[in-house]
Amino acid sequence: MHKPLKALITGGAKGIGLAISQALQQKGFQVTALGRDEQSLAIAKAAGFIEDYLVLDLAIGQNWDELANKLTFDFSVLVNNAGIYVWQPAENTTSNDVQALFALNFFAAEKLSSLCLGHMKQQRWGRILNIASVSGTTGEANAGVYAASKGALIAYSRSLALELASLDITVNCISPGWVKTELFTRTELSEEEILSTVPAHRWVSASELGALAAFLCGDEAQSITGQNICVCAGLSLG
Ligand code: NAD
């Protein structure tokens, strides 16, 4: 690994993404964040957790050309972290929900991966890290389309890992359990109800995820590829 390497992260100024930005920055990466919320991006930059940022709605398809014009895709690390969660019974899930979930949770990750691959292949080194979810393998009642979008991300990551293994480009997923960010407030479950489903009866901390992300993005994780690592306080065990 030749430092400083450039890292691109989506949703890198809030929640889990902010913890990953911090951990990558501490490891010596120059972090660029893409996100919707300008205020949190500006705060993260002022705090030194990210080097630069671009305000962008990643769920809107026509922004890809605009992005390719504004950003040089010479990143060694890509972290697809931004995601949305919709919690409601299957019969109430609308086509708009389905589109929005897949647009951000899967299509944006796929598109950014393809935009980053040219440089990674050229330098024969790269890390793609996708933030999936325990739901992507276990399923989740009242969040079936969310689970499906994360399942797609996990399957895509395994396939990409196979395709890129000989070039020293690794592709992995981290699947968190429950983390106390803005996202969890979209369920109608109380905190007690959530924790009663978690074997260790506690929230996963964003900093645990940041530390693992930084490890997976370093040289020391060169042989870890195609994996989906659950960080979930036992939630994935059933
Ligand atoms: P969060 O809501 O705190 O943060 C989401 C981030 O994504 C924010 O920075 C937001 O600005 C960005 N974002 C949302 N929509 C966007 C869009 N259209 N364009 C650009 N950016 C957009 O959530 P979080 O908990 O930090 O979630 C991060 C990732 O972790 C997500 O992929 C989520 O599915 C996953 N995850 C979270 C939990 C949890 O319990 N919090 C559990 C499993 C997986």
Side-chain angles (χ1 to χ4, degrees), residues 8-23 31-45 49-50 53-64 66-67 71 78-87 96-97 99-112 129-140 143 145-154 156-157 173-187 189 191 193-195 197-198 202-210 212-213 228-233 235-236:
L8 181 66
I9 179 168
T10 62
K14 284 210 293 205
I16 295 168
L18 179 61
I20 296 175
S21 294
Q22 269 181 271
V31 182
T32 298
L34 302 179
R36 264 188 326 185
D37 181 355
E38 181 152 22
Q39 199 186 2
S40 60
L41 288 160
I43 291 170
K45 185 175 175 182
F49 300 144
I50 58 175
Y53 65 82
L54 211 61
V55 181
L56 195 78
D57 188 338
L58 290 163
I60 298 178
Q62 67 267 22
N63 276 340
W64 293 118
E66 189 190 321
L67 181 62
L71 209 58
L78 168 66
V79 182
N80 288 301
N81 162 75
I84 52 162
Y85 177 76
V86 173
W87 192 93
N96 282 348
D97 292 331
Q99 258 173 6
L101 280 160
F102 269 84
L104 184 63
N105 297 3
F106 181 70
F107 296 140
E110 183 278 330
K111 184 70 186 175
L112 286 172
L129 182 59
N130 293 322
I131 308 305
S133 168
V134 163
S135 313
T137 46
T138 63
E140 184 178 347
V145 182
Y146 172 76
S149 69
K150 296 298 190 177
L153 188 60
I154 293 166
Y156 180 67
S157 304
C173 287
I174 294 178
S175 278
W178 285 107
V179 189
K180 210 169 172 181
T181 62
E182 268 177 42
L183 184 138
F184 103 90
T185 59
R186 315 246 159 74
T187 72
L189 301 171
E191 293 196 24
E193 283 170 322
I194 286 175
L195 292 184
T197 66
V198 181
R202 61 175 176 76
W203 300 91
V204 173
S205 74
S207 61
E208 289 176 80
L209 300 166
L212 176 59
N228 173 37
I229 303 173
C230 292
V231 182
C232 64
L235 184 64
S236 62

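Just so you know, ligand 1 is whichever comes first in the structure, and atom 1 is the first atom listed for that ligand. Atoms considered below: every heavy atom in the structure, side chains included; atoms not considered: hydrogens, waters and symmetry mates.
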Visitor: What's the separation between atom CD1 in Ile20 and atom OG in Ser207, rounded to the nearest 0.5 Å?
Guide: 11.0 Å
Visitor: Can you check whether Gly17 has an N/O within less than 3.5 Å of an N/O in ligand 1?
Guide: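 No, no N or O pair falls under 3.5 Å.
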Visitor: Pairs of nitrogen or oxygen atoms closer than 3.5 Å, one from Arg186 and one from ligand 1: do any exist?
Guide: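 Not met; the criterion fails.
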Visitor: Under 4.0 Å from ligand 1, counting heavy atoms only, is it the side chain of Ala132, its backbone, both or neither?
Guide: backbone
Visitor: At the 4.0 Å heavy-atom cut-off, does Trp203 count as touching ligand 1?
Guide: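 No.
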Visitor: Would you say atom 36 (N) of ligand 1 touches the protein, meaning some protein heavy atom is under 4.0 Å from it?
Guide: yes
Visitor: Got a donor-acceptor contact below 3.5 angstrom from the Lys150 side chain to the Ile131 backbone?
Guide: yes
Visitor: Measuring from non-hydrogen atoms of Leu56 to any atom of ligand 1, is the shortest distance under 4.0 Å?
Guide: yes
Visitor: Once you restrict to heavy atoms under 4.0 Å, what part of Phe184 touches ligand 1? Side chain, backbone, both or neither.
Guide: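 Phe184 to ligand 1: no contact under 4.0 Å from either part.
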Visitor: Going by the rule ring-ring contact (aromatic ring centres under 6.0 Å, His included), which residues pair with Tyr53 if we only count those two or more places apart in sequence or in a different chain?
Guide: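 ring-ring contact (aromatic ring centres under 6.0 Å, His included) check on Tyr53 returns nothing, list empty.
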Visitor: Please confirm whether Ser40 comes under 4.0 Å of ligand 1, counting heavy atoms of the residue only.
Guide: no
Visitor: Using non-hydrogen atoms of the residue, decide whether Asn81 is closer than 4.0 angstrom to ligand 1.
Guide: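 Contact check Asn81 vs ligand 1: positive.
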Visitor: Tell me which part of Lys150 gets within contact of ligand 1: side chain, backbone, both or neither, using heavy atoms under 4.0 Å.
Guide: side chain
Visitor: For ligand 1, which atoms sit closer than 4.0 Å to a heavy atom of Gly15?
Guide: 3 (O), 26 (O)
Visitor: At what distance is the nearest protein heavy atom to atom 21 (N) of ligand 1, and which residue and atom is it?
Guide: Arg36 N, 3.7 Å
Visitor: Nearest 0.5 Å, please: how far is CD in Gln99 from CG in Leu104?
Guide: 13.5 Å
Visitor: State the NZ-CH2 distance between Lys111 and Trp64, to the nearest 0.5 angstrom.
Guide: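 Between Lys111 NZ and Trp64 CH2, I get 7.5 Å after rounding to 0.5 Å.
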Visitor: Of the side chain and backbone of Tyr85, name the one, both, or neither that has a heavy atom under 4.0 Å from an atom of ligand 1.
Guide: neither
Visitor: Name the option, out of Val179, Val204, Asp57, that contains the heavy atom nearest to atom 39 (C) of ligand 1.
Guide: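 When every heavy atom of Val179, Val204, Asp57 is considered, Val179 comes closest to atom 39 (C) of ligand 1.
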Visitor: Please confirm whether Trp178 comes within less than 3.5 Å of ligand 1 when only nitrogen or oxygen atoms on both sides are compared.
Guide: no
Visitor: Could you tell me, atom by atom, which parts of ligand 1 come under 4.0 Å of a heavy atom of Ser133?
Guide: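 It comes down to these atoms of ligand 1: 43 (C), 44 (C).
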Visitor: For atom 19 (N) of ligand 1, what is the closest protein heavy atom, and at what distance to 0.1 Å?
Guide: Leu58 N, 2.9 Å
Visitor: To which protein heavy atom is atom 13 (N) of ligand 1 closest, and what is the distance rounded to 0.1 Å?
Guide: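 Its nearest protein heavy-atom neighbour is Ala82 CB, 4.0 Å.
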Visitor: Is there a donor-acceptor pair closer than 3.5 Å between any side-chain N or O of Ser21 and the backbone N or O of Ile50?
Guide: no
Visitor: Using a 4.0 Å heavy-atom cut-off, which part of Ile16 comes near ligand 1: side chain, backbone, both, or neither?
Guide: both
Visitor: Identify the protein heavy atom lying closest to atom 34 (O) of ligand 1, giving its residue, its atom name and the separation to 0.1 Å.
Guide: Tyr146 OH, 2.7 Å
Visitor: Which atoms of ligand 1 are found less than 4.0 Å from any heavy atom of Ile131?
Guide: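 Reading through ligand 1 atom by atom, the close ones are 29 (C), 30 (O), 32 (O), 35 (C).
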Visitor: When you measure from atom 43 (C) of ligand 1 to every protein heavy atom, which one gives the shortest distance, and what is it?
Guide: Pro176 O, 3.4 Å
Visitor: Among all protein heavy atoms, pick the one closest to atom 10 (C) of ligand 1 and tell me residue, atom and distance.
Guide: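 Result for atom 10 (C) of ligand 1: Lys14 CE, 4.4 Å.
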Visitor: Does even one non-hydrogen atom of Ala108 get within less than 4.0 Å of ligand 1?
Guide: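 Ala108 does not count as a contact of ligand 1 under the 4.0 Å cut-off.
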Visitor: Please check: side-chain N/O of Asn81 versus main-chain N/O of Gly11, any donor-acceptor pairing under 3.5 Å?
Guide: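 Here the side-chain-to-backbone pair exists.
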Visitor: Side chain to side chain contact (heavy atoms under 4.5 Å, CB included), that's the test. Do Leu209 and Val179 meet it? Break it down for me.
Guide: CA-CA 10 Å; Leu209 300 166; Val179 189; 3.9 Å; yes
Visitor: Rounded to the nearest 0.5 Å, what separates atom CD1 in Ile43 from atom CG in Asp37?
Guide: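 Atom-to-atom, Ile43:CD1 and Asp37:CG are 8.0 Å apart.
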Visitor: Does Asn105 use its side chain to pair, donor to acceptor, with the backbone of Ile84 at less than 3.5 Å?
Guide: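 Flag set: sc Asn105 to bb Ile84 pair under 3.5 Å.
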Visitor: If you draw a 6.0 Å radius around CD in Gln39, do more than 12 non-hydrogen atoms from other residues or ligands fall strictly inside?
Guide: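 No, CD of Gln39 has 12 or fewer neighbouring heavy atoms, counting only those of other groups under 6.0 Å.
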Visitor: Can you list everything that forms a salt bridge (charged side-chain N to carboxylate O under 4.0 Å, His left out) with Glu140? Sequence neighbours excluded, please.
Guide: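 Applying salt bridge (charged side-chain N to carboxylate O under 4.0 Å, His left out) to Glu140 gives none.
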Visitor: What atoms in ligand 1 come closer than 4.0 Å to a heavy atom of Ala59?
Guide: 18 (N)
Visitor: In a check of side chain to side chain contact (heavy atoms under 4.5 Å, CB included) between Leu34 and each of Leu67, Val55, Leu41, Ile9, which one passes?
Guide: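 Among the candidates, only Leu67 passes.
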Visitor: Do Ile174 and Val231 have side chains that get closer than 4.5 Å, going by heavy atoms?
Guide: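 Side-chain contact under 4.5 Å: yes.
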Visitor: Which label fits Phe184 and Trp178: parallel for a plane angle under 30°, tilted from 30 to 60°, or perpendicular past 60°?
Guide: perpendicular
Visitor: Considering only the protein, which heavy-atom contact is closest to atom 25 (O) of ligand 1, and what is its distance?
Guide: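 Ranking protein heavy atoms by distance from atom 25 (O) of ligand 1, first comes Thr181 OG1, 2.5 Å.
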Visitor: Just by distance, do the side chain of Thr10 and the backbone of Ala82 share a donor-acceptor pair under 3.5 Å?
Guide: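 Judged by distance alone, yes, a pair lies under 3.5 Å.
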Visitor: What residue and atom, counting heavy atoms only, is the protein's closest point to atom 2 (O) of ligand 1, and at what distance?
Guide: Leu183 N, 3.8 Å
